[in-house]
J.: 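Sharing a structure, written as structure tokens. Questions coming.
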Amino acid sequence: MSTKESERNSSAQETLDILYEISQLLNTQLDKATLATCVGMVENGVNPEALAAVIQELRREGAATTPDVQSSSTSNTHAR
């Protein structure tokens, strides 16, 4: 790996680390891999506000299905 490429990778990692720290302070609940994916999508032209709206909607849908999963697993446990 060339020195320039190494410096570029180091800089990108440092930037991601800083963004991750900011996301933790803002309580975004994004892990580093998800955050890196989001950053990559924005760098490729995805509208950040639209991306945030999609993430929020997915979380709402996930939260709406979670009680169903818990109640069905609870009823399965009682059926035994």
J.: Rounded to the nearest 0.5 Å, what's the gap from CD on E14 to CG on L19? Could you check?
T.: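 E14 CD to L19 CG: 11.0 Å, rounded to 0.5 Å.
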J.: Determine whether I55 and V42 fall in the same hydrophobic cluster, where Ile, Leu, Val, Met, Phe, Trp and Tyr are linked whenever their side-chain heavy atoms lie under 4.5 Å apart.
T.: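 Yes; V42 is reachable from I55 via cluster members.
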J.: In Å, rounded to the nearest 0.5 Å, how long is the span from OG of S23 to CG of L30?
T.: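 That separation rounds to 6.0 Å.
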J.: May I ask you to check whether D17 and Q13 show a side-chain donor-acceptor distance below 3.5 Å?
T.: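 A pair is found: one side chain offers a donor N or O, the other an acceptor, under 3.5 Å apart.
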J.: Can you confirm whether V46 sits close enough to C38 that some side-chain heavy atom of one is under 4.5 Å from a side-chain heavy atom of the other?
T.: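 No; the side chains remain at least 4.5 Å from each other.
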J.: Would you mind listing every salt bridge (Lys or Arg N to Asp or Glu O under 4.0 Å) that reaches into residues 41-63, with sequence neighbours excluded?
T.: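 Listed by first then second residue: E57-R60.
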J.: Pick from N44, V39, T37: which one makes a side chain to side chain contact (heavy atoms under 4.5 Å, CB included) with M41?
T.: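 Per the side chain to side chain contact (heavy atoms under 4.5 Å, CB included) rule, the option paired with M41 is T37, out of N44, V39, T37.
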J.: How far apart are the closest heavy atoms of Y20 and D31, and which atoms are they?
T.: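 Shortest heavy-atom contact: CE1-C, 4.0 Å.
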J.: Answer yes or no: is there a donor N or O on one side and an acceptor on the other, between the side chain of S6 and the main chain of S2, under 3.5 Å?
T.: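 Looks like no, no N/O pair under 3.5 Å.
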J.: I'd like to check E21 versus L25 (side-chain heavy atoms, cut-off strictly below 4.5 Å). Are they in contact?
T.: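 A side-chain contact is absent here, since even the closest heavy-atom pair is not under 4.5 Å.
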J.: Could you tell me the separation between the OG1 atom of T28 and the CD1 atom of I22, rounded to the nearest 0.5 Å?
T.: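 Here the rounded value is 10.5 Å.
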